[in-house]
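As structure tokens, the structure follows; a few thoughts come after it.
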Amino acid sequence: MELVGKVAIVTGAAQGLGRAFARAMIQRGAKVCISDQNVEKGNTSCVALRKELNTADVNFVKCDVTQQDDMKNMFDDTVRRYGGVDIVVNNAGIMNERTWSSCVDINLKGVIQGTLLALEHLQERGGVIINISSIAGVVPVAGAPVYTATKHGVIGFTRSCSVNPKVKAANIRLACLCPTFTDTPILDMTDDHFTSWSSRQNLWKDVEQLGIMKVETVAQGFIQLLLDKDNNGAIMTISPNRGIQTKYYPKARM
Ligand SMILES: NC(=O)C1=CN([C@@H]2O[C@H](COP(=O)(O)OP(=O)(O)OC[C@H]3O[C@@H](n4cnc5c(N)ncnc54)[C@H](O)[C@@H]3O)[C@@H](O)[C@H]2O)C=CC1
Ligand SMILES: CC/C=C\C[C@H](O)C(=O)/C=C/C=C/C=C\C=C\[C@@H](O)C/C=C\CCC(=O)O
């Protein structure tokens, strides 16, 4: 029960990896706010987690990460309910090369907004910010250039925040999680998600090459990243062929 007394927020947690991250933290004693733009799925998942884990320490808040008011309300509601925040997981993300501007709004700007609000809320008692990137944040992906740009941006932003002296002085830690393909609805992509300069077929070749991991496998890596107290600025990749690898980039030259 390593997270007893801790309060966590997870965005995009109505399903998929976000719900798995929330479950794993609740199982370790944390009180968790799950948020999502999908109210129906969010409420259903909240009820299911309460029943499955026999706890009342999970609540759902509607939050579209592209809406600043929603984001602020998510934090304020959590502080009102649980007295503070210790862990913020900026997880919400989509794969859509056609509506590429909304992909940037959700996958990158949403993570930036969530991180900036988290830094404000964690200043007093410190804490951890885990931003969900992807292996597409580390390697080029011909089939999904916009998605890849957002995930590269998440890593650059997170690492830059991690080397800020103010962040270290406030006892705040930031890290990125970079899994490869994992069995969630995001994989239910169709050709409508792509343009002539991206390709579902091309991306699916990568799926076939890399394989598809179970959500539980990625959640194990997430918990390992969360509980490692000395990994500020770390990038954790998780893949079928190389397992969990944590990388530390050279410190920035000031
Ligand atoms: N499943 C995979 O193969 C991989 C996923 N990822 C990343 O993991 C994160 C979670 O993805 P999955 O669980 O796989 O996808 P998913 O599609 O199962 O879940 C994404 C969740 O985000 C929510 N969401 C979408 N737009 C939102 C918005 N504007 N505001 C708030 N919530 C919103 C959706 O309603 C959904 O519940 C994403 O950032 C994704 O890029 C990274 C590597 C691999
Ligand atoms: C359906 C798309 C949904 C989500 C995409 C997700 O973020 C994702 O995992 C994307 C992966 C894209 C991979 C593309 C190319 C892979 C190239 C290979 O060379 C493998 C690269 C690195 C492997 C790293 C390892 O540890 O094995």
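Just follow the structure's listing: the first ligand is 1, and inside any ligand the first atom is 1. These numbers were taken from a predicted model, which means no experiment stands behind them.
Looking at Asp206 next to ligand 2, no N or O pair under 3.5 Å apart turns up. For ligand 2, one of its N or O atoms has an N or O atom of Phe181 under 3.5 Å away. Looking at Thr237 next to ligand 2, no N or O pair under 3.5 Å apart turns up.
With a 4.5 Å cut-off between side-chain heavy atoms of Ile, Leu, Val, Met, Phe, Trp and Tyr, the cluster of Val7 takes in Tyr82.
Taking 4.0 Å as the cut-off, Trp204 does not count as a neighbour of ligand 2 on heavy-atom distance. Judged by the shortest distance from any of its heavy atoms, Ala20 lies outside the 4.0 Å radius around the atoms of ligand 1. Every heavy atom of Arg19 sits 4.0 Å or more from the atoms of ligand 1. A heavy-atom separation below 4.0 Å is not found between Ala144 and ligand 2.
The list of ring pair (Phe, Tyr, Trp, His ring centres under 6.0 Å) pairs with a residue in residues 13-53, not counting sequence neighbours, reads Phe21-Phe222.
Residue contact check: Ser134 has heavy atoms under 4.0 Å from atoms 6 (C), 7 (O), 8 (C), 9 (O), 10 (C) of ligand 2. Counting the atoms of ligand 2 from 1 in the order shown, those under 4.0 Å from a heavy atom of Pro179 are 9 (O). Close approach of ligand 2 to Met189 is summarised as follows: ligand atoms under 4.0 Å from at least one heavy atom of the residue are 1 (C). Ligand-side atoms of ligand 2 in range of Ser239: 25 (C), 26 (O), 27 (O), range being under 4.0 angstrom from any heavy atom.
Annotation: atom 4 (C) of ligand 2 to nearest protein heavy atom, Tyr147 OH, 3.5 Å. Summary of contacts: the protein heavy atom closest to atom 13 (C) of ligand 2 is Ile135 CG2, 3.7 Å. Taking atom 21 (C) of ligand 2 as the reference point, the nearest protein heavy-atom neighbour is Val139 CG1, 4.0 Å.
Under 4.0 Å is where a charged nitrogen must lie from a carboxylate oxygen, and between Arg200 and Glu97 no such pair does. Salt-bridge annotation for Asp77 and Arg80: present, with a side-chain N of the basic residue lying under 4.0 Å from a carboxylate O of the acidic one. Lys62 has no carboxylate O lying under 4.0 Å from a charged side-chain N of Asp36, or vice versa, which leaves the two without a salt bridge.
Residue Asn91 holds the heavy atom nearest to atom 39 (O) of ligand 1 of all those in Asn91, Leu210, Val39.
Under 4.0 Å from ligand 2, not a single heavy atom of Val138 appears. The proximity of Leu210 to ligand 2, defined as any non-hydrogen pair under 4.0 Å, is limited to the side chain.
Between Ala142 and Asn202, the shortest heavy-atom distance links the atoms CB-ND2, 4.0 Å.
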